[in-house]
Amino acid sequence: MEFVKSFNFAMCIFFIVCYAYQFVYIAIPFIKKDKPHKQVKMHKFAVLISARNESSVIANLLESIKSQTYPQELVDIFLVADNCTDNTAEIGRNCGVHVYERFDRVKVGKGYALNFALDKIKNEYGDNYFDAYFVFDADNVLDPNYIEEMNKTFSDGYDILTSYRNSKNYGDNWISAGYALWFLRESKYLNYPRMLLDTSCAISGTGFMFSQKVINRTNGWNYYLLTEDIEFSVDNITNNHRIGFCKNAVLYDEQPNEFAQSVRQRMRWAKGYIQVFTNYGKRLLKGTFKGDSFACFDMTMTIMPAIVTTILSLAVNGTAVIAGLIAGVSIAPVIEALIGMALGMYGTMFFIGTVTTVTEWKNIYTPAKKKILYMFTFPIFMFTYVPITVMALFKKVEWKPIVHSKSKSLADIKNMN
């Protein structure tokens, strides 16, 4: 049992060494100021939306894009109705956007839909008609100044940008709040500090932009792993292409509020992280020692060590408990160590959730009592990643669409306090 105690102590030290810098990140927004924008240029943008049976929410996104403060003549919207069996395509046409219908039951997933759209646009408009491309999910809603703010940062010279990710349904329950609080933390205390420190940010699913130069370099969107956003981020970071962040461009999306759906989605993410590290791990580790070394280190910490420590800790402690029970040896030290680790993890997640909630209070659209309650449930939501990660190791995981049903305008979202 002494070995197990020593092992658990070593895992705690390893975890602290890996992630201590992220606690430093928390202080950065309070001690560094934004750099002023360079001269703003007016760019021609294409908006890419991949939608599969999204008739209940797509109109709100299209309305929010058409209500942007940025000149509408510089924005073209392309909707990919991907294997739809509802009237998503019809709604898009009625809203006056370009609609491409795609039917392919073999190559499924957002990555294939994006590449399909880019191929169509290239054939119809040529290689350099658009300066850059936005990517949104069908359930998103944008602040009116979203494209205007992204254009300012794009004019500063970034070829890839991500934005501030908020939630349409924070207050549904502890599950939707867990997601939303994590994405708020990711925006405010991961990507924003990275931007202030001139290192690379990371794309997170939706609400991002890439230039025509990126597509010319990669010859299309060639990212098809289960987490195509992380694959895209890692590929660009390991090629010394920096990803920027625009804190004033705010996007709202719908979070799952059913546990079964949440497990399915997060298992895909966990499996996707493993896929990305399997395919890009050598490049990340090599990049850590040359080029943009810190960005490669940062991305490595994002996708791998937590999985490793979780699996190793469960395996060693689980084996110790079983062996102790068989041998008739007291397992109390192991149980005490596990309880201590759990309390430490709860305290860490509670601290992160509390800091994010307090500092982003005005940006969380739900009654105050729910904001406070979900600070306490946030660590529980994060704990559920442990069994999900274990299952992802052994279970075959395929891409499946997430059902969206929260039809809300921007006004609806902001009136939820």
Side-chain angles (χ1 to χ4, degrees), residues 22-23 25-26 29-30 56-57 60-61 64 136-144 146 163-192 204-207 247-267 269 342-388 402-417:
Q22 293 191 6
F23 287 91
Y25 275 174
I26 294 174
F30 302 100
S56 61
V57 295
N60 292 124
L61 170 60
S64 72
F136 301 119
D137 289 341
D139 61 298
N140 297 162
V141 175
L142 314 179
D143 266 355
Y146 183 97
S163 58
Y164 185 103
R165 188 172 181 180
N166 208 329
S167 176
K168 293 167 63 174
N169 61 323
Y170 191 105
D172 277 5
N173 58 24
W174 68 280
I175 298 170
S176 63
Y179 276 101
L181 195 50
W182 179 261
F183 289 132
L184 287 173
R185 179 255 179 175
E186 186 176 69
S187 294
K188 182 64 180 284
Y189 294 117
L190 289 181
N191 278 333
Y192 186 34
S204 180
T206 186
K247 69 182 179 68
N248 294 323
V250 182
L251 166 147
Y252 306 83
D253 69 342
E254 180 181 339
Q255 310 304 336
N257 57 15
E258 295 182 2
F259 191 68
Q261 188 179 63
S262 172
V263 168
R264 187 170 70 247
Q265 183 185 59
R266 288 186 287 154
M267 194 180 301
W269 291 352
L343 290 175
M345 290 175 62
Y346 184 95
T348 300
M349 290 298 110
F350 180 75
F351 172 77
I352 291 172
T354 299
V355 169
T356 305
T357 300
V358 171
T359 56
E360 302 303 281
W361 187 271
K362 293 182 179 180
N363 296 324
I364 300 174
Y365 298 104
T366 197
K369 62 182 180 181
K370 288 190 175 182
K371 298 178 188 180
I372 296 172
L373 171 64
Y374 295 141
M375 291 190 303
F376 291 90
T377 61
F378 175 66
I380 299 173
F381 173 80
M382 297 304 297
F383 279 155
T384 62
Y385 267 105
V386 175
I388 289 171
I402 297 297
V403 177
H404 298 120
S405 60
K406 303 293 181 181
S407 179
K408 295 180 180 180
S409 66
L410 186 61
D412 294 332
I413 295 168
K414 294 191 173 183
N415 286 330
M416 287 163 52
N417 284 326

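Quantities reported herein were computed from a predicted structural model and do not represent experimental measurements. For reference, positions follow the sequence shown, starting with 1.
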Visitor: Kindly compute the distance separating CG (L142) from OH (Y252), expressed to the nearest 0.5 Å.
Guide: 9.5 Å
Visitor: With a sphere of 6.0 Å drawn around CE of M345, does it hold more than 12 non-hydrogen atoms of other residues, nucleotides or ligands?
Guide: no
Visitor: How about CD on E258, more than 12 heavy atoms from neighbouring residues, nucleotides or ligands closer than 6.0 Å, or not?
Guide: no
Visitor: Parallel, tilted or perpendicular for Y179 and W269, by the 30°/60° rule?
Guide: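 Geometry flag for W269 against Y179: perpendicular rings.
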Visitor: Can you spot which of T359, L190, V355, N191 makes a side-chain contact (heavy atoms from CB on, under 4.5 Å) with R185?
Guide: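 Output: one option passes, namely L190.
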Visitor: Run the ring pair (Phe, Tyr, Trp, His ring centres under 6.0 Å) test on F350 and F376 for me, step by step, so that the C-alpha distance in whole Å, both residues' side-chain angles and the decisive distance to 0.1 Å come before the verdict.
Guide: CA-CA 6 Å; F350 180 75; F376 291 90; 4.9 Å; yes
Visitor: Does the side chain of S204 reach to within under 4.5 Å of the side chain of F183, using non-hydrogen atoms?
Guide: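 SC-SC contact between S204 and F183 confirmed.
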Visitor: Taking C-beta and beyond as the side chain, do T354 and M349 meet within less than 4.5 Å on heavy atoms?
Guide: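 Sidechains of M349 and T354: no contact.
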Visitor: Side chains of Y25 and Y192: does their closest heavy-atom pair fall under 4.5 Å?
Guide: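 The answer is no, as the side chains (C-beta and beyond) never meet within the 4.5 Å cut-off.
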Visitor: Pick one: which of D412, N60, D139 meets side-chain hydrogen bond (donor to acceptor under 3.5 Å, both in side chains) with S407?
Guide: N60
Visitor: Donor-acceptor check, side chain of T377 to backbone of W174, threshold 3.5 angstrom: yes or no?
Guide: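 No; zero donor-acceptor contacts below 3.5 Å.
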Visitor: May I ask you to decide if the ring planes of Y346 and F383 are parallel, tilted or perpendicular, using 30° and 60° as cut-offs?
Guide: tilted
Visitor: Carefully, step by step, assess I364 and T357 under the rule side chain to side chain contact (heavy atoms under 4.5 Å, CB included).
Guide: CA-CA 8 Å; I364 300 174; T357 300; 4.2 Å; yes
Visitor: Quick one: does Y385's side chain get under 4.5 Å of M382's, heavy atoms only?
Guide: yes
Visitor: Within the distance-only criterion (no hydrogens, no angle test), does the side chain of S187 pair as donor or acceptor with the backbone N or O of L184 below 3.5 angstrom?
Guide: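 Looks like no, no N/O pair under 3.5 Å.
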Visitor: Less than 4.5 Å apart, side chain to side chain, heavy atoms only: is that true for Q265 and P256?
Guide: yes
Visitor: Between R266 and T384, is any pair of side-chain heavy atoms under 4.5 Å apart?
Guide: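 Yes. Closest side-chain heavy atoms under 4.5 Å.
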Visitor: Do D172 and K370 sit within salt-bridge range, that is, some charged N less than 4.0 Å from a carboxylate O?
Guide: no
Visitor: Looking at CD1 of I413 and NZ of K406, how far apart are the two atoms once the value is rounded to the nearest 0.5 Å?
Guide: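 I413 CD1 to K406 NZ: 12.0 Å, rounded to 0.5 Å.
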Visitor: Within a strict 4.5 Å, meaning less than it, do heavy atoms of the M416 and K168 side chains meet?
Guide: no
Visitor: Under 3.5 Å, side chain of S64 to main-chain N/O of V141, donor-acceptor pair present?
Guide: no
Visitor: Taking only residues two or more places apart in sequence or in another chain, which ones pass salt bridge (charged side-chain N to carboxylate O under 4.0 Å, His left out) with E360?
Guide: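 Per chain and number, E360 pairs via salt bridge (charged side-chain N to carboxylate O under 4.0 Å, His left out) with K188.
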Visitor: What I'd like to find out is whether the side chain of F381 reaches to under 4.5 Å of the side chain of Y374, using heavy atoms alone.
Guide: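 With C-beta onward as the side chain, the pair stays apart.
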Visitor: Side chains of T206 and D253 only: does a donor on one sit below 3.5 Å from an acceptor on the other?
Guide: no
Visitor: Does the S176 side chain pair with the main chain of N257, one donor and one acceptor, at a distance under 3.5 Å?
Guide: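 Not at all, since once roles are kept as given, no pair shorter than 3.5 Å links the two residues.
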Visitor: So, taking the atom named CD in Q261 and the one named CD1 in I175, what distance separates them when rounded to the nearest 0.5 Å?
Guide: 9.5 Å
Visitor: Does NZ or CZ of R264 lie under 6.0 Å from the centre of the six-membered ring of F259, at an angle within 45° of the ring axis?
Guide: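 No, a cation-pi geometry is absent between R264 and F259.
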Visitor: Show the numbers, then the answer: is there a side chain to side chain contact (heavy atoms under 4.5 Å, CB included) between R165 and L251?
Guide: CA-CA 5 Å; R165 188 172 181 180; L251 166 147; 4.1 Å; yes
Visitor: Working to the nearest 0.5 Å, report the span between OG1 of T356 and CG of N363.
Guide: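 Going from the OG1 atom of T356 to the CG atom of N363 covers 11.5 Å.
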Visitor: With a 3.5 Å distance limit and no angle check, can you tell me whether N169 reaches the backbone of Q255 through a side-chain donor-acceptor pair?
Guide: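 Checked: pair present.
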Visitor: Measuring from atom NZ of K247 to atom OH of Y164, what distance do you get when rounded to the nearest 0.5 angstrom?
Guide: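 Those atoms lie 10.5 Å apart.
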Visitor: Is there a side chain to side chain contact (heavy atoms under 4.5 Å, CB included) between K369 and L373 once you walk through the steps?
Guide: CA-CA 6 Å; K369 62 182 180 181; L373 171 64; over 6 Å; no
Visitor: How long is the straight-line distance from CD1 of I388 back to CE of M267, given to the nearest 0.5 Å?
Guide: 6.5 Å
Visitor: Output all residues satisfying side-chain contact (heavy atoms from CB on, under 4.5 Å) with A249, sequence neighbours left out; order by chain, then residue number.
Guide: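 In terms of side-chain contact (heavy atoms from CB on, under 4.5 Å), with neighbours along the sequence ignored, A249 is linked to Y146, E149, M150, S163, C246.
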Visitor: Taking all heavy atoms of G178 and all of F378, pick out the closest pair and write down the distance.
Guide: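 Where G178 meets F378 most closely, the heavy atoms are O-CE1, 3.6 Å.
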